[in-house]
Amino acid sequence: MSISTDQVEKIAALANLNLSEDEKSKFTVQLNTILEYVEKLNELDTEGVSPLSHPLDLKNVFRKDEVQPSLPVEKALENAPARSKNYFKVPRVIRK
Amino acid sequence: MTISEDKYEAVIGLEVHAQLSTITKIFCGCSARFGAEPNSQTCPVCLGMPGVLPVLNEKAVEFAIKMGLATNCTISEHNVFARKNYFYPDLPKGYQISQFEHPICKNGRVEVETDGEKHTIRINRIHLEEDAGKSVHDEDFVDAGSSLVDLNRCGTPLIEIVTEPDLRTPQQAHAYLSLIRQLVRYLRICDGNMEQGSLRCDANVSVRRKGETELGTKTELKNMNSLRNVENALTYEIQRQVSLLESGRTVEQATLLWDPSSGTAQIMRVKEEAHDYRYFPDPDLVRLEIAEDYVRQLKKMLPELPAVRRQRFMDQYGLPEYDAEILTSSRELADYYEQTVKIINDAKLVSNWVLGDVLRVLNDKKIEIKEFPISEIRFAELLKLIREGKISSSAAKKVFDVLLTSDKSADVIVKEMGLIQVSDDSAIESMVKEVLAEYPDEVNAYKNGKTGLIGFFVGQVMRKSAGKANPKIVNSILLRLLSP
């Protein structure tokens with residue numbers, strides 16, 4: 001399995017990243033190295049082993065439907081780069 | 001329907017999002033109450049802070065399974081939550097926790113009826129997911145060039161109910177959606193309020209020539225926040241697609257935003273490629289396994305569902321289908337009906353009054369039966385007076401109106417207003433005799449065959465009694481005294 005520059009571009013676009021041409025070729029090489037390394041896992045015989053969705057052998061961890069205190073509004077908005085009233089303020093996003 | 005529409009058929013699939021009426025959010029303990037101050041119901045988990053861990057709300061699982069059972073779905077034993085990755089300011093984590101390969105319910109079906117014809121609509125899946133926050137764009141207080149985000153809604157539990165493309169007309173879509181709304185309300189898992197967005201509907205629609213088996217290019221319709229909007233938007237879009245095809249053009253895959261005020265849909269964006277959400281299992285959540293026993297237990301807890309209840313109302317109370325359907329339209333109305341019948345044991349009388357005066361008040365005041373001021377007990381007391389002939393039906397309507405705003409019982413109101421019906425034969429007979437004596441010409445005319453005058457005599461006696469004489473008794477005494 002190997003990855004092309006086109007695929008790197010697509011992944012970058014989906015992740016909202018702008019990559020320079022240099023970065024694109026650099027990451028293509030690096031990602032391929034990583035994939036080759038992980039490829040080693042394919043040497044294992046996984047016949048009859050069901051897919052693992054979680055490393056811990058735990059299931060059904062629930063919470064009761066009971067209210068816990070929320071953060072004060074000031075605290076919730078503390079990290080906001082911009083705010084207006086008690087809202088997070090972002091560049092206009094309506095899709096028109 | 002125009003000729004060109006006749007040549008085509010529409011293929012419609014619906015995706016309905018229902019906000020579950022849990023007290024808290026799906027993965028954290030923040031309140032999920034609607035209408036709180038902006039950003040007052042958030043915590044590190046639903047704000048998407050690094051290093052936090054979501055923990056599943058058991059009630060959300062219960063509610064989703066109930067909906068699956070009510071729509072004849074198979075409940076999945078193995079469940080995995082997945083991350084659906086996309087960027088939008090109302091989604092602080094950059095992904096929505098949803099279910100992908102393993103939805104909690106699948107392969108269901110429901111039956112809807114339009115124009116007396118039954119249609120089976122298959123449910124492809126119902127999955128659990130979290131809602132996103134809410135963006136505000138157009139209010140006065142939003143600066144030009146910006147949008148504001150309220151994350152209170154972020155993390156509210158949702159179920160998404162996805163049909164197979166089995167719907168063919170806007171009317172079927174309307175019927176399906178009202179059934180879904182009725183079911184979530186019967187199950188008490190969602191308030192079904194479309195205006196407030198607790199129940200939201202998107203539609204995928206394409207058209208094709210009748211007889212064709214290939215699907216046409218579909219568009220997606222959004223922003224239809226009422227049953228009527230869904231029907232109108234689909235009618236509009238089907239017509240638009242048919243017109244395009246008829247004029248030799250093609251339908252482009254797109255998302256359209258319905259604008260109820262203009263009755264048109266705006267194309268939001270033409271999809272260049274299908275979204276690539278890069279779903280993968282969420283490593284922060286352990287697997288969810290649903291035991292058969294638990295499902296069986298929930299099944300026993302299900303309320304009697306609308307279709308079954310309607311049939312029972314017809315069988316048990318001898319009601320016509322239409323009446324039974326209205327009485328079972330909501331679980332609360334059906335309960336009100338049955339509670340009252342239980343007290344007074346007169347199914348027909350209660351049905352007449354609920355379908356007539358009670359529903360009229362609910363519609364006029366735009367209230368639900370649970371806000372209706374006359375309790376079943378007080379309502380039954382009124383109906384009992386009618387059945388025992390103690391008050392006339394016109395007097396009963398007056399008492400009904402007083403009951404709406406007073407705490408007094410029907411008996412007391414009747415006495416206070418002097419509405420007790422005179423059913424005493426001798427008292428009525430003397431009034432009848434007086435009337436006959438006052439109108440000798442009419443009596444002669446009656447005896448010569450103008451029997452229609454009976455209504456006139458009844459009217460005169462009622463007037464004499466100030467409306468209190470029992471009309472049935474008046475009638476029978478008149479017939480006796482006037483007979484040759």
Side-chain angles (χ1 to χ4, degrees), chain A residues 3-4 6-19 31 34-35 38 41 46 49-96, chain B residues 22-24 27-32 37-44 46-47 49 55-61 78 80-81 85-90 92 102 133 135-138 141-151 255 257 266 268-269 276 278 281-283 285-290:
Chain A
I3 189 169
S4 68
D6 280 356
Q7 283 170 303
V8 170
E9 278 173 3
K10 191 184 167 197
I11 295 164
L14 287 168
N16 269 7
L17 295 174
N18 287 315
L19 300 185
L31 285 169
I34 293 167
L35 285 174
V38 174
L41 290 173
T46 54
V49 179
S50 53
L52 182 75
S53 64
H54 199 279
L56 296 180
D57 192 22
L58 277 178
K59 60 177 185 184
N60 299 357
V61 176
F62 294 121
R63 11 175 303 272
K64 294 242 174 276
D65 188 21
E66 288 165 3
V67 177
Q68 301 294 323
S70 292
L71 289 175
V73 180
E74 285 310 314
K75 204 82 188 154
L77 289 165
E78 209 169 48
N79 291 328
R83 66 181 273 189
S84 170
K85 300 188 160 206
N86 286 341
Y87 291 92
F88 294 91
K89 185 171 163 183
V90 298
R92 194 168 173 84
V93 284
I94 194 156
R95 298 166 279 201
K96 260 192 187 170
Chain B
T22 52
I23 299 163
T24 64
F27 295 119
C28 65
C30 286
S31 165
E37 283 298 304
N39 293 304
S40 63
Q41 294 176 173
T42 67
C43 73
C46 55
L47 287 172
M49 297 293 174
V55 186
L56 183 58
N57 183 342
E58 61 182 0
K59 210 71 187 170
V61 175
H78 302 286
V80 176
F81 285 94
N85 299 280
Y86 66 94
F87 290 117
Y88 206 69
D90 60 17
H102 307 282
S135 309
V136 184
H137 313 284
D138 297 322
F141 55 86
V142 183
D143 302 338
S146 58
S147 294
L148 302 184
V149 182
D150 171 11
L151 295 177
T255 300
L257 202 63
Q266 294 172 327
M268 269 164 59
R269 59 191 130 95
D276 186 348
R278 294 150 294 148
D282 190 321
L285 286 157
V286 299
R287 62 181 201 278
L288 165 64
E289 276 183 23
I290 299 169

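Every chain is numbered from 1, with letters handed out A, B, ... down the list of sequences.
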Colleague: Pick from Arg278(B), Glu37(B), Lys59(B): which one has the most heavy-atom pairs with chain A under 4.5 Å?
Modeller: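 Counting heavy-atom pairs under 4.5 Å, the top option is Arg278(B).
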Colleague: Please examine the side chains of Val142(B) and Ser84(A), heavy atoms only from C-beta on, and report whether any two atoms are closer than 4.5 Å.
Modeller: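 No, side chains not in contact.
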Colleague: Given the rule in the side-chain contact (heavy atoms from CB on, under 4.5 Å) test, do Asn39(B) and Glu74(A) qualify, once you have shown the distances and angles that lead to the verdict?
Modeller: CA-CA 9 Å; Asn39(B) 293 304; Glu74(A) 285 310 314; over 6 Å; no
Colleague: Using every non-hydrogen atom in the two residues, find where Ser31(B) and Ser70(A) come nearest and quote the distance to one decimal.
Modeller: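 Heavy atoms of Ser31(B) and Ser70(A) come nearest at N-OG, 4.4 Å.
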Colleague: In terms of heavy-atom proximity below 4.5 Å to chain B, should Lys85(A) be classed as side chain, backbone, both, or neither?
Modeller: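 Side chain only.
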Colleague: Less than 4.5 Å apart, any side-chain heavy atom of Glu66(A) and any of Asn57(B)?
Modeller: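 No, every pair of side-chain atoms sits at 4.5 Å or beyond.
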Colleague: Find the one option among Asn86(A), Asp65(A), Val67(A) whose heavy-atom pairs under 4.5 Å with chain B are most numerous.
Modeller: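 With the most close heavy-atom pairs to chain B, the winner is Asp65(A).
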Colleague: Taking all non-hydrogen atoms of both residues, which atom of Lys89(A) and which atom of Asp143(B) are closest, and how far apart?
Modeller: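 Minimum heavy-atom separation between Lys89(A) and Asp143(B): NZ-OD2, 2.7 Å.
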Colleague: Taking side chain as everything from C-beta outward and backbone as N, CA, C, O, which of these in Pro89(B) sits under 4.5 Å from a heavy atom of chain A? Side chain, backbone, both or neither.
Modeller: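 The answer is the side chain of Pro89(B).
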Colleague: Which pair of heavy atoms, one from Asn60(A) and one from Glu289(B), lies closest together, and at what distance?
Modeller: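 It is OD1-N, 2.6 Å.
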Colleague: Examine whether an atom of Val80(B) lies under 4.5 Å from a heavy atom of chain A, and if so say whether it belongs to the side chain, the backbone or both; otherwise answer neither.
Modeller: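 Val80(B) touches chain A through side-chain heavy atoms alone.
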Colleague: Kindly compute the distance separating OG1 (Thr42(B)) from CG (Leu77(A)), expressed to the nearest 0.5 Å.
Modeller: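 Spacing of OG1 (Thr42(B)) from CG (Leu77(A)) equals 7.5 Å.
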Colleague: For residues Arg63(A) and Gly29(B), report the shortest heavy-atom separation together with the two atoms involved.
Modeller: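 Of all heavy-atom pairs spanning Arg63(A) and Gly29(B), the closest is NH2-CA, 3.6 Å.
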Colleague: Under 4.5 Å from any heavy atom of chain A, what part of Leu288(B) do you find: side chain, backbone, both or neither?
Modeller: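 Both backbone and side chain.
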Colleague: Could you tell me which portion of Leu285(B) (side chain, backbone, both or neither) has an atom closer than 4.5 angstrom to a non-hydrogen atom of chain A?
Modeller: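 Contact with chain A involves the backbone of Leu285(B) alone.
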Colleague: Distance-only, no hydrogens or angles: does the Arg92(A) side chain make a donor-acceptor pair with backbone N or O of Ala144(B) under 3.5 Å?
Modeller: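 Side chain of Arg92(A) to backbone of Ala144(B), a donor-acceptor pair under 3.5 Å: no, none is there.
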Colleague: Measure Phe141(B) against the heavy atoms of chain A and call it side chain, backbone, both or neither at under 4.5 Å.
Modeller: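 Both parts, backbone and side chain.
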Colleague: For Cys46(B), which atoms come within 4.5 Å of any heavy atom of chain A: side chain, backbone, both, or neither?
Modeller: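 When you check distances to chain A, no heavy atom of Cys46(B) falls under 4.5 Å.
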Colleague: Looking at every heavy atom in both Phe87(B) and Ala15(A), which two are closest together, and how far apart are they?
Modeller: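 Residues Phe87(B) and Ala15(A), closest heavy atoms: CE1-C, 3.5 Å.
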Colleague: When you compare the side chain of Val73(A) with that of Ser40(B), does any pair of heavy atoms fall below 4.5 Å?
Modeller: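 Counting from C-beta outward, Ser40(B) and Val73(A) do come under 4.5 Å.
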Colleague: Please give me the minimum heavy-atom distance between Phe88(A) and Leu47(B), naming the atom from each residue.
Modeller: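 Heavy atoms only, the tightest pair is CZ-CD2, 4.1 Å.
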Colleague: Rounded to the nearest 0.5 Å, how far apart are CZ of Arg287(B) and CG of Leu56(A)?
Modeller: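 With rounding to 0.5 Å, CZ (Arg287(B)) is 10.5 Å from CG (Leu56(A)).
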